[in-house]
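On a predicted model such as this, the values are computed, not experimentally measured, just so you know. We count ligands from 1, going down the list as the structure has it; atoms in each ligand are counted the same way.
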Amino acid sequence: MIESIKRLVGNKKREQGKKELLEQIKKAPLPEHVAIITDGNGRWAKKRGLPRTAGHAAGMKRVREVIREADNLGIKVLTFYSFSTENWKRPQEEVEYLMKLPIEFLKTGLKELVERNVKVQMLGEKSKTPTQTQQALIKFEEETKHNTGLILNFAINYGSRDEILRAVKNIIDDVQNGHIDKEEIDEQTMNRYLLTKGLPDPDLVIRTSGEIRVSNFLLWQLAYSELLFTDTMWPDFTIEHFHQAIAEFQRRSRRFGAV
Ligand code: FPP
């Protein structure tokens with residue numbers, strides 16, 4: 001009896017703590033653009049004796065929750081690193097599963113995204129993905145292109161060095177065909193040639209699962225981002241973890257090279 005009362009009190013306190021955290025983060029400026037490297041799905045599954053694909057399914061659930069919460073909070077841009085250009089090296093079965101996720105998400109999630117006025121964009125070379133996946137990615141973009149709310153980017157078949165190389169080649173082409181003057185090339189020019197054209201740089205980059213590296217993700221864009229690495233595996237990353245990450249961002253002092 002006493003144990004159950006203690007548990008009840010404990011739960012109530014935890015709920016109160018979560019509420020207070022949410023109130024606290026709402027009082028300070030939010031990051032405009034949050035980018036997330038959703039890592040640890042495979043290890044999460046392995047620890048439970050499950051196939052790696054079960055980790056991705058659990059991870060997908062967290063992706064949906066974080067999208068909802070980012071929208072609820074009024075964050076402007078949310079970017080997920082969902083599939084890198086290096087991820088093709090994974091076992092065929094796992095790649096096939098990952099490529100099916102956008103198709104599934106289209107069926108079960110598009111309606112809510114449209115209702116929420118979310119604009120979905122893909123960063124990466126869609127044409128290399130299987131036909132059905134490609135069609136789903138295009139449909140997401142098409143169906144939401146006029147939306148004016150949260151901008152939701154999925155980096156799929158994305159690699160930042162490749163993105164930068166393409167930008168450089170396109171700039172060279174445009175210098176040669178006279179569209180731009182070499183002397184006028186500056187950081188803004190580069191921004192216009194990247195896949196993130198028109199978007200603010202990420203203010204906060206979160207990587208789950210304890211890995212402390214950026215793995216070819218938005219290398220140009222994260223020059224001044226606050227980086228947050230957490231040991232939590234992505235399928236365990238709750239809304240409370242998301243709020244804690246934002247609170248940590250709000251505690252940091254951003255100087256952009258100044259004093
Ligand atoms: C990294 O964990 C995770 C991925 C490569 C896939 C993440 C994708 C999602 C969460 C869903 C994306 C959603 C859409 C709509 C495209 P890992 O497999 O590298 O884990 P490990 O490091 O523990 O092996």
Can you confirm, on distance only, whether ligand 1 has an N/O atom lying under 3.5 Å from any N/O atom belonging to [X]?
X	value
R52	yes
W234	no
S82	no
D39	yes

Against heavy atoms of [X], which atoms of ligand 1 measure under 4.0 Å?
X	result
L98	6 (C)
N87	5 (C)
L101	11 (C)
F105	15 (C)
V63	10 (C)

Just to confirm my output: which protein heavy-atom neighbour is closest to [atom], and how far is it?
atom	answer
atom 20 (O) of ligand 1	G42 N, 3.0 Å
atom 22 (O) of ligand 1	R43 NH2, 2.8 Å
atom 18 (O) of ligand 1	R90 NH1, 2.7 Å
atom 11 (C) of ligand 1	M60 SD, 3.5 Å
atom 3 (C) of ligand 1	T38 O, 3.1 Å
atom 4 (C) of ligand 1	H56 CE1, 3.8 Å
atom 16 (C) of ligand 1	I156 CD1, 3.6 Å

To the nearest 0.5 Å, what is the distance between [atom1] ([X]) and [atom2] ([Y])?
X	Y	atom1	atom2	answer
W220	M190	CH2	CE	5.0 Å
L195	L218	CG	CG	9.5 Å
L123	N153	CG	CG	4.5 Å
I239	Q244	CD1	CD	11.5 Å

Sequence-distant partners of S84, side chain to side chain contact (heavy atoms under 4.5 Å, CB included), two or more places apart: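 For S84, the residues satisfying side chain to side chain contact (heavy atoms under 4.5 Å, CB included) (neighbours in sequence not counted) are Y81, E86, N87.
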Which atom of Q221 lies closest to which atom of P202, heavy atoms considered: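 Minimum heavy-atom contact is O-CD, 3.5 Å.
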4.0 Å heavy-atom contact, S209 with ligand 1: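 The answer is no, since S209 has no heavy atom less than 4.0 Å from ligand 1.
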Tell me, yes or no, whether the heavy-atom count around [X] atom [atom1], taken from other residues, nucleotides or ligands under 6.0 Å, exceeds 12.
X	atom1	result
R161	CZ	no
E96	CD	yes
E115	CD	yes

So, E20 and K13, do they make that salt bridge, N to O below 4.0 Å?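 Looking at K13 together with E20, the answer is no, because their closest N to O distance does not fall below 4.0 Å.
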How would you list all residue pairs meeting ring pair (Phe, Tyr, Trp, His ring centres under 6.0 Å) that involve residues 122-141, not counting sequence neighbours?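 Output for this query lists F105-F140.
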